[in-house]
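From a predicted model like this one, the values you see are computed outputs, not experimental measurements. Throughout, a chain's letter reflects where its sequence line sits, starting with A, and its residues are numbered from 1.
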Amino acid sequence: MRLVFPHPWNVSPEEAAAIQQELAQQVVRQNAVAIEAVRYVAGVDVGFVGDMARAAVVVCEFPSLRPAAQSLAQVPVSFPYIPGLLAFREGPAVLAALEKLDLWPDVFIFDAQGIAHPRRLGLASHMGVVLDWPSIGCAKSRLVGQFTAPPAERGAWTPLTDGQECIGAVVRTRAGAEPLFVSIGHRVNLETAVELVLRCTRQYRLPETSRLAHMLASRGTLPSDALQERLF
DNA sequence: GCGACAG
DNA sequence: ATCTTGTCGC
């Protein structure tokens, strides 16, 4: 794993925001992901155990969505939770988990925002830029932006805007359930991001990749029945 | 000053 | 994020 844009993580909130402003200029919103060519998609999530941040990555084959690899890493928490600065709290753990990953995916889906962020550099975009790898932001709630609720049917979506700029999509991944906030992470355009998130989602609100990564991050292990689909 | 605020 | 089972509602 090579960091294209390495930078210090042990910084003050002010320095963190300054770093985001610089890295935000490196985000590529143009698409570099042909869905037909995607073979592996990875879900990334972070959980907390006492004062340790535990990052989990689960790579699934696409479009079957069968788990193909996983990795876990635990690092001491060294930054508080501050809206807009999540990457400085979870980023180090994520990078540690990616360091151990032995099956690199074509694209990462994060449980966080991409460019739908005050400085257009949410955790998904931040990781995408430092790794210079395709990434998508897929959060369960809004950080910034305005929107009108999308129709109740699965697949429906409305734009998430900030002033005149479209910063993401509010996507209904499951009929009747609360929508997800999808945004460009890095090297994936919004249309492709929305399509990929929908194609990674089955009967639940969250993409299978995110669900598995969440289970792994919070419980430390994947339920055997989740892996039953003959995988690792 | 007041309210909002990914995980 | 985390503390936590059953329960109210569509």
Under 4.0 Å between any heavy atoms, over every strand shown, what does Ala112(A) touch: base, sugar-phosphate, or nothing? Just pick one.
base

Parallel, tilted or perpendicular, judged at 30° and 60°: which one describes the rings of Trp104(A) and Phe108(A)?
perpendicular

Over all strands shown, is Leu121(A) touching base, sugar-phosphate only, or nothing at heavy-atom distances under 4.0 angstrom?
nothing

With a 4.0 Å cut-off on heavy atoms, is His214(A) in touch with a base, just the backbone sugar-phosphate, or nothing at all?
sugar-phosphate

How far does CD of Glu208(A) sit from CZ of Arg202(A), to the nearest 0.5 angstrom?
5.5 Å

Hey, what do you get for CG (Leu123(A)) to CG (Leu85(A)), rounding to the nearest 0.5 Å?
11.5 Å

Would you classify Phe48(A) as touching base, sugar-phosphate or nothing, given that sugar-phosphate means primed atoms plus P, OP1 and OP2, and contacts are heavy atoms under 4.0 Å?
sugar-phosphate

Is Gly84(A) touching bases, backbone alone, or none of the nucleic acid, heavy atoms closer than 4.0 Å?
base

Verdict with reasoning, Trp9(A) to His126(A), per ring pair (Phe, Tyr, Trp, His ring centres under 6.0 Å):
CA-CA 12 Å; Trp9(A) 293 93; His126(A) 196 134; 5.0 Å; yes

To the nearest angstrom, the CG-C1' distance between Asp51(A) and dT2(C) comes to 14 Å

Would Val75(A) and Leu101(A) show up in the same hydrophobic cluster when neighbours are defined by side-chain heavy atoms closer than 4.5 Å?
no

On DNA chain B, reading 5' to 3', which nucleotide is the first and which the last to sit with an atom under 4.0 Å from a heavy atom of chain A, could you check?
dA4(B) to dG7(B)

Atom pair OG (Ser210(A)) and NZ (Lys140(A)), whose distance is rounded to the nearest 0.5 Å:
8.0 Å

Under 4.0 angstrom, heavy atoms only, what part of the nucleic acid is Glu90(A) near: base, sugar-phosphate, or nothing?
sugar-phosphate

